[in-house]
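Single-structure report; data block below.
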Amino acid sequence: MRVRSWAEPYKIKMVEHLQMTTPDERAVAIREAGYNTFLLRSADVYIDLLTDSGTTAMSDRQWAAMMLGDEAYAGSKNYYTLEEAVHKYYGYKHLIPTHQGRGAEHLLSKIAIEEGDFVPGNMYFTTTRLHQELSGGQFVDVICDEAHDPTSEFPFKGNVDLDKMQALIDKVGADRIPYLSLETNVNMAGGQPCSMANIKAVGELCHKHGIPVFLDATRAVENSYFIQLREDGYADKTIAEILHEICSHTDGCTMSAKKDSLVNIGGFLAINDDKLAEKARNIVVVYEGLHTYGGMAGRDMEAMAVGIGESVQYDHIRARIGQVEYLGQQLLDEGVPIIRPIGGHGIFIDASRFLPHLSRDQFPAQALAAALYVDSGVRAMERGAVSAGRDPETGENRYPNLELVRLTIPRRVYTQAHMDVTAESVVSLFQNPERVVGLRFNYEPEYLRFFQARFEPILGDAVLTGS
Ligand code: PM9
């Protein structure tokens, strides 16, 4: 029998019009933006695949929850609703809300890291590593080798390599390791999951040495879906049960609720240890806001509580990841080099293989993202050497193995037809890759340079020739 199609588990109640532009208009817009897609105006973008962060379409229930906002400065009702939701689905004892994920990372780094510490993690994330460094720590990558290989088909490329972790403990001593930062569905590796077996083993190894494990729970629900799909013994467990089990092996989490939790702003730090939570509750008032709102409006906390409940619904997560797969499969069918297996929140194009005529110092991923925008108005994000920044000790550019362009799919926002248009544009560039011109910096900010850096083409004044 023919395989039956599936469709989104929602219907559209309100629409937001998109701006259609011409290639000439887009060539001007990207030049003015210094060939950095972060510096484009969203009004000039047709299909916005920059990020899945805060770009979600909220449900009617979440919008209704916004009306229940209790904007009391202290002790808002919505804080308690959110606390209940975090406790129910993530299982942690103490909740400290923050304005977004990096707010939680800042607090955790400040209360846990001391000058000269080493902070292991399963691949770096930009804001996470910077906060660790600003607190005097040094990030150490303990992810498995497969994660750095875009062609490896390993189903759990997010896994920690336990030997690398043990080697770090042996080298620097457990007392120089304030915690291990465990990201679920590893963003920079291509949205790749960790297995439950690995999460459990990581917890056991770290706890044996008295090292806490802090989850980066930003996309833990997406990770839970992959565990259900791929790991023996989990097919009959619900997403909520799997999520709870992941968290049970850890001691707390940092969370950017702008992803899994289906809201446009918000985050939290969750901690089981009473003493550490007390420290976090004290410091949050310095940087974020009172401990019962931490930078969020009451209405946003209420919408987040509803979003957390929706995020673990099977129909939601299957359609969300199904849409990513739909786009990825189209590109694979045309031979476009993308990270395999297809991950959770986006398609990651291997720009080094896509544009073999460009060297790493011509920033192929940055150039490809800019060229894609000129071709079709699709906005993507560079995730390669520009994102990796410079080594704080040597000042040299870091060149990670992965030089990627991320087509990130916002949750519940675009239709499969938007995916078709995106795929056609990528494929058309892939058929004539030499049209894409390399870039060089002409402005480089000190921190998280990918957000605000400006570039120019190494030849002429266009990133895409012949358009
Ligand atoms: N991720 C993303 O587009 C937002 C902008 S890029 C810095 O992927 C993880 C795994 C993230 C993440 C943000 C944060 C920070 C922490 N961990 O953006 O501060 O993917 O809410 O979260 C982005 P906030």
Side-chain angles (χ1 to χ4, degrees), residues 36-39 42 48-56 96-109 119 121-132 134 139 141 143 147 157-158 181-194 214-223 246 250 252-270 287-288 294-296 300 304 307 324 339 343-348 365-366 369 379-384 386-389 402 404-411 413 445 447-453:
N36 183 347
T37 53
F38 274 102
L39 301 180
S42 83
D48 202 347
L49 307 186
L50 183 72
T51 177
D52 62 332
S53 180
T55 51
T56 296
I96 295 100
T98 58
H99 75 286
Q100 58 183 82
R102 70 200 73 178
E105 292 168 349
H106 179 208
L107 300 183
L108 179 63
S109 301
V119 191
N122 49 345
M123 198 170 271
Y124 87 99
F125 185 71
T126 53
T127 57
T128 322
R129 180 175 64 188
L130 180 60
H131 279 297
Q132 293 163 356
L134 291 173
F139 169 79
D141 190 4
I143 202 165
K157 286 167 102 173
S181 178
L182 180 69
E183 193 186 329
T184 35
N185 250 36
V186 179
N187 190 350
M188 303 298 280
Q192 300 293 322
C194 306
F214 273 88
L215 190 69
D216 180 337
T218 299
R219 297 182 183 85
V221 175
E222 293 175 3
N223 199 123
I246 291 176
T250 69
C253 78
T254 54
M255 175 69 178
S256 170
K258 300 168 72 173
K259 285 84 165 173
D260 267 356
S261 307
L262 301 168
V263 285
N264 304 121
I265 192 73
F268 58 83
L269 174 63
Y287 296 107
E288 300 279 316
M296 270 186 286
D300 292 327
M304 192 198 296
V324 175
I339 293 244
H345 63 299
I347 297 303
F348 291 68
Q366 188 74 32
R379 169 155 70 170
M381 185 194 289
E382 189 269 2
R383 295 275 79 164
V386 177
S387 293
L402 304 178
L404 309 172
V405 172
R406 189 182 70 176
L407 299 163
T408 340
I409 314 303
R411 295 166 183 79
V413 171
Y447 300 116
L448 301 175
R449 63 183 185 179
F450 59 94
F451 281 130
Q452 291 151 333

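All ligand and atom numbering here is 1-based and tracks the order in the structure.
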Ligand 1 N/O within reach of T127 N/O, cut-off under 3.5 Å
no
Under a 4.5 Å cut-off applied to non-hydrogen side-chain atoms, are K258 and I265 in contact?
yes
Could you tell me which non-hydrogen atom of R102 sits nearest to which non-hydrogen atom of H131, and how far apart they are?
O-NE2, 3.5 Å
Atoms in ligand 1 with a heavy atom of G101 nearer than 4.0 Å
19 (O), 21 (O), 22 (O), 24 (P)
shortest atom 21 (O) of ligand 1-to-protein heavy-atom contact is with S256 OG, 2.7 Å
among protein heavy atoms, the one nearest atom 9 (C) of ligand 1 is D216 OD2, 3.4 Å
Non-hydrogen side-chain atoms of T408 and L50 separated by less than 4.5 Å
no
Exam field: side chain N122 to backbone E183, donor-acceptor pair closer than 3.5 Å:
yes
Under 4.0 Å from a heavy atom of S53: give me the atoms of ligand 1 that qualify, with their elements.
4 (C)
What are the atoms of ligand 1, with element, lying closer than 4.0 Å to any heavy atom of M381?
3 (O)
Check whether any side-chain N or O of N223 sits under 3.5 Å from a backbone N or O of P193 as a donor-acceptor pair, and report yes or no.
no
Pick from Q100, R102, H99: the one approaching atom 5 (C) of ligand 1 most closely through a non-hydrogen atom
R102
Do R383 and N187 have side-chain atoms, one donor and one acceptor, less than 3.5 Å apart?
no
Is the closest N or O pair between E183 and ligand 1 shorter than 3.5 Å?
no
Is H345 near ligand 1, meaning one of its heavy atoms is under 4.0 Å from it?
no
Would you please test D48 and R379 for salt bridge (Lys or Arg N to Asp or Glu O under 4.0 Å) and show each step?
CA-CA 5 Å; D48 202 347; R379 169 155 70 170; 2.8 Å; yes
Could you tell me if T37 and E382 have a donor-acceptor pair between their side chains, going purely by distance under 3.5 Å?
no
Selected option - heavy-atom contact closest to atom 8 (O) of ligand 1, from R406, M123, M188, K258:
R406
Kindly identify the option in T126, D52, L50, T51 whose heavy atom sits closest to atom 3 (O) of ligand 1.
T51
Under 3.5 Å, side chain of D260 to main-chain N/O of A220, donor-acceptor pair present?
yes
Geometric N/O contact R383 with ligand 1, under 3.5 angstrom:
no
Among all the protein's non-hydrogen atoms, which is closest to atom 16 (C) of ligand 1, and how far away is it?
E105 OE2, 3.0 Å
Taking only heavy atoms of T218, which atoms of ligand 1 are found under 4.0 Å from at least one of them?
9 (C), 17 (N)
Crowded around F451 CZ? As in, over 12 foreign heavy atoms under 6.0 Å?
yes
So, is R219 polar-close to ligand 1, with some N/O to N/O distance under 3.5 Å?
yes
Counting non-hydrogen protein atoms only, what is the nearest one to atom 23 (C) of ligand 1? Give residue, atom name and distance.
K259 NZ, 3.4 Å
Any donor-acceptor pair under 3.5 Å linking the side chain of N185 with the backbone of R219?
no
So which heavy atom in the protein is nearest atom 12 (C) of ligand 1, and how far is it from that ligand atom?
F125 CE2, 3.2 Å
